[in-house]
Amino acid sequence: MTTDLGLLTKAAEKWDKAAKDFETVQRAYDGQVRNIATDGSWTGMASMSAYTAGKVTYEQYTAAATEARAVASLLRDAHAQFTELRGKLKNEVAQAVDAGMKVSDDGTARFDFEKATKALADAARHDPDLHTTESHWTQSIGSLVQAFDDADQGVKLALTAAVKSSDILGTGVNGFNAKAEGDIEKVEGRREAQLAAKLNTTGHLTAGEITEMKRLFRDNEKSKEFSQTLLDSLGPKGTLLFTNHLNESMEEAVGATRSDFDSIGKGLATSLATATRSPDSPFYGKWREGLRKVGTEVVDSRQKVQVRGYQSLVTLMARGDGYSTKFITDLGDDLIAAEKHHPGVWDMPGGKNLAHPPHWLATDPLDSLLGIAARDPKTAEKFLDPGPDGKNDRLQYLVHDRDWKTRYELTGNHSHPDADQFRKLEDPNARKGLASAIETAATGHRTGDPARMGATHTEGQARVMQSTVEALNGKFGDKLPENLRSPMARAIVDYTPDTHEILTGQNPGYGYEGGLKSPWSRDGDSHLAVDQQSLVRVIRGVSDDPKSYSLIYNTERAHAADVLAGMPDKPGGANTGWNVPSRDIGMVFGTLNAVGADVIMDAQDARKTWADDVARYGYHLGGAPVTGLPVIGDVAQRTIDAAAYDWSKDIKNLADEKARGDLAKDWTKDTASVKDLIDASAKMRHIDPADPQGPHYNDVKQMRQETEQSYSAGRNKALTYLRPN
């Protein structure tokens, strides 16, 4: 902490001077000594020997100047790193002292009772979190000390490499280094590549080498020079072979060694993200082209299961983050191109070899890449957004054209030697990455992030949502693959104000029932405007999962309460300010209950179980609460809280009606929950909906009647979409 770091720059100046001195002597040597053997006046064997010796000496002067300048550059690099790190360390210690800590020479932070006031000292003695606070400062200071030590070792490595002869097998034995590198990070990148190559070749590293690899990655996680040097030195195939060996080593290791390999793997993934962050760099184009060449090739022929390059790459990427949007989209395009050129390229296991692939492997690299893209909403949106002109067809390919069957299993058919004993099917995890990417791209937030009712959306997000609904309806209709259901339900919920208008079918801004060709925007907010039939069928598709159905139903219920809360305080002349919202709400809930009825009709013996599961997820009704509900206004929330009727009873009534065979007899029987919501809204206005003598009793009654009529219309229309015959 007290070392005069300025000595490093002074030493660098002297090394620069040494380089100039070597060049001065070289010119003198060339003009006064070497030319004797090159001017033609001296011939014979002695002349030839002198020529050779003179050439070596001349080149050594050049190497000496190169080495000297490299050392000067390294010393300046060291000065910059040490100065920055020492500044950070001093600042961290000062902050700890300001927080009441006393920092020892070894970096341990303890509360300074001597300097504290009596009251503060007494409070600290009784503070149960004091030890946690002290540990926080100790660890924070320790991490900076570690960074300082890492940098110091990097400088040592680079200086040692700079003064090592670059021609140990030629005439310059023990001579100067003509290839001396003046960039610490590049030297460290080459050293990391050497260690990686050793693991690729021998299959093992010493404990010291493992520690060194961790140190190199830790010290250079943000260094483009280190990362690009490492990957360029290994090449794409060497890098992918390295990640396979790391995963295998981690799988076989135990305890601390397993953690060490895990740390190295994460370091390599971070280096990949750092190296590819600049798509305009020469490295980026070269690396991408190299990946194209090895992406569909078997990385390591010794493995029983054939692991291809892109599978190894995406396996590595899953361990890190921070990848640029450009790298993700470029890689996605390359994967799609590879699939189109080599159908079945990711099939696992390949051919009729039924050895199980390693559990750590991303067997479907494109779907796994989509899962990585889903970590960043902007990247997911960029990947899936068709664009204003619709030219980006990635989403269309993923939903419509792609073959998702990548897994083989035995059929058990052994009746004849020539009989097909294998069948190809989808992996149980198929489309999980796609589903996550769609949800993130359409909503602008990652799974689990809270949403507000009426969240705003960009044009790209709305285009992703509209295109997804249309594509899913066109491909699957009302029977969605299981892994798409929950993410699609959450995406639908994010657009509830829009889906409410679409399901009413009465808003020209949304194109009535037929929808619009594309979303519409106003004041920076874009709106889903898909056709009603597609939306209903996709809602039905997700509703085979009772929790997803309950989420959509609950969110619409919350939105309906919001709509009711926004009505005028008084009904007005023709009561349109109260009746129109009531009709809309009735239409939407008629549609949603029709979806529930269709599930029940399809579920047969399981219909009661499905209805019971829906009931378990009832809003504010105990059991397993639904997560992901948007935040609504205070009045709307109190309206929901005041609604006493369990809406899931309507769904259970449907199950009972189906069991009795009279499901179609009374289309308005299951409207109790909607009427109860209207009554709860009236109570928020201090109107007693059960008192015929009270003010506005008939107005509220008319709202219920309007709701009942539109409920029937919505239910009928939805069932024509779901059961046209």
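Neither side chain, E221 nor T270, offers a donor N or O lying under 3.5 Å from an acceptor on the other. Side-chain N/O atoms of D149 and Q153 include a donor and acceptor closer than 3.5 Å. For W287 and Q228, the side-chain atoms include no donor-acceptor pair closer than 3.5 Å. With no hydrogens or angles considered, no side-chain donor-acceptor pair links N91 and K88 at under 3.5 Å. Under the 3.5 Å distance criterion, with hydrogens and angles disregarded, no donor-acceptor pair is assigned to the side chains of D364 and T406. For the residue pair D280/S278, the side-chain donor-acceptor check at 3.5 Å is not satisfied. Side chains of Q311 and R308: a donor-acceptor N/O pair is absent below 3.5 angstrom, by distance only. In the model, T447 has a side-chain atom that pairs as donor or acceptor with a side-chain atom of E439 under 3.5 Å. Judged by distance alone, the side chains of Q146 and D150 do bring a donor and an acceptor atom under 3.5 Å apart.
No more than 12 heavy atoms of other residues, nucleotides or ligands shown are found within 6.0 angstrom of CG on D321. Open room surrounds NZ on K102; 12 or fewer heavy atoms of other groups in view lie less than 6.0 Å from it. Within a 6.0 Å radius of OH in Y397, more than 12 heavy atoms belonging to other residues, nucleotides or ligands are found.
Between L361 and S312, the shortest heavy-atom contact is CD1-N, 4.4 Å. Across every non-hydrogen atom of L316 and G265, the tightest pair is CD1-O, 3.8 Å. Across D367 and L434, no two heavy atoms sit closer than the pair OD1-N, 2.8 Å. Scanning all heavy atoms of the two residues, the minimum distance from A72 to W15 falls at CB-CB, 3.8 Å. The heavy-atom pair separating E23 from R69 by the smallest distance is OE2-NH1, 2.7 Å.
The residues E289 and R292 are annotated as salt-bridged, a charged nitrogen and a carboxylate oxygen being separated by less than 4.0 angstrom. Look at D152 and K156 and you find no salt bridge, because none of the NZ, NE, NH1 or NH2 atoms lies under 4.0 Å from a carboxylate O.
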R258/E252 under salt bridge (Lys or Arg N to Asp or Glu O under 4.0 Å): CA gap, chis, key distance, verdict: CA-CA 8 Å; R258 182 182 180 89; E252 296 169 0; over 6 Å; no

Evaluation steps, side-chain contact (heavy atoms from CB on, under 4.5 Å), between E13 and R76: CA-CA 9 Å; E13 293 173 358; R76 289 192 177 91; 4.1 Å; yes

Test side-chain contact (heavy atoms from CB on, under 4.5 Å) applied to Q81 and E185, step by step: CA-CA 11 Å; Q81 289 189 32; E185 287 76 13; 3.1 Å; yes

Step-by-step salt bridge (Lys or Arg N to Asp or Glu O under 4.0 Å) determination, R288 to D334: CA-CA 9 Å; R288 184 184 178 192; D334 292 342; 2.8 Å; yes

Ring pair (Phe, Tyr, Trp, His ring centres under 6.0 Å) evaluation trace for Y58 with Y29: CA-CA 8 Å; Y58 181 83; Y29 175 80; 7.4 Å; no

Stepwise side-chain contact (heavy atoms from CB on, under 4.5 Å) test for R86 and F148: CA-CA 8 Å; R86 184 164 70 177; F148 216 129; 3.7 Å; yes

L246 vs L268, side-chain contact (heavy atoms from CB on, under 4.5 Å): CA-CA, chis, key distance, verdict: CA-CA 10 Å; L246 282 175; L268 181 61; 4.2 Å; yes

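Checked against salt bridge (Lys or Arg N to Asp or Glu O under 4.0 Å), D300 has the following partners two or more places apart in sequence or in another chain: R302. Applying the salt bridge (Lys or Arg N to Asp or Glu O under 4.0 Å) rule to D30 yields the partners R34; only residues at least two apart in sequence or on another chain are considered.
Under the 30°/60° scheme for interplanar angles, the aromatic rings of F327 and Y323 are found to be tilted.
The shortest side-chain heavy-atom distance between L74 and V155 does not fall under the 4.5 Å cut-off. Side-chain contact between T239 and T243 is absent, with no heavy-atom pair separated by less than 4.5 Å.
With respect to E192, the side-chain contact (heavy atoms from CB on, under 4.5 Å) criterion is satisfied by exactly one of V187, L230, I264, L234: L230. Partner of D260 under the salt bridge (charged side-chain N to carboxylate O under 4.0 Å, His left out) criterion, out of K214, R215, R218: K214 alone.
Annotation: F176 is in aromatic contact with F22 [ring centroid separation under 6.0 Å].
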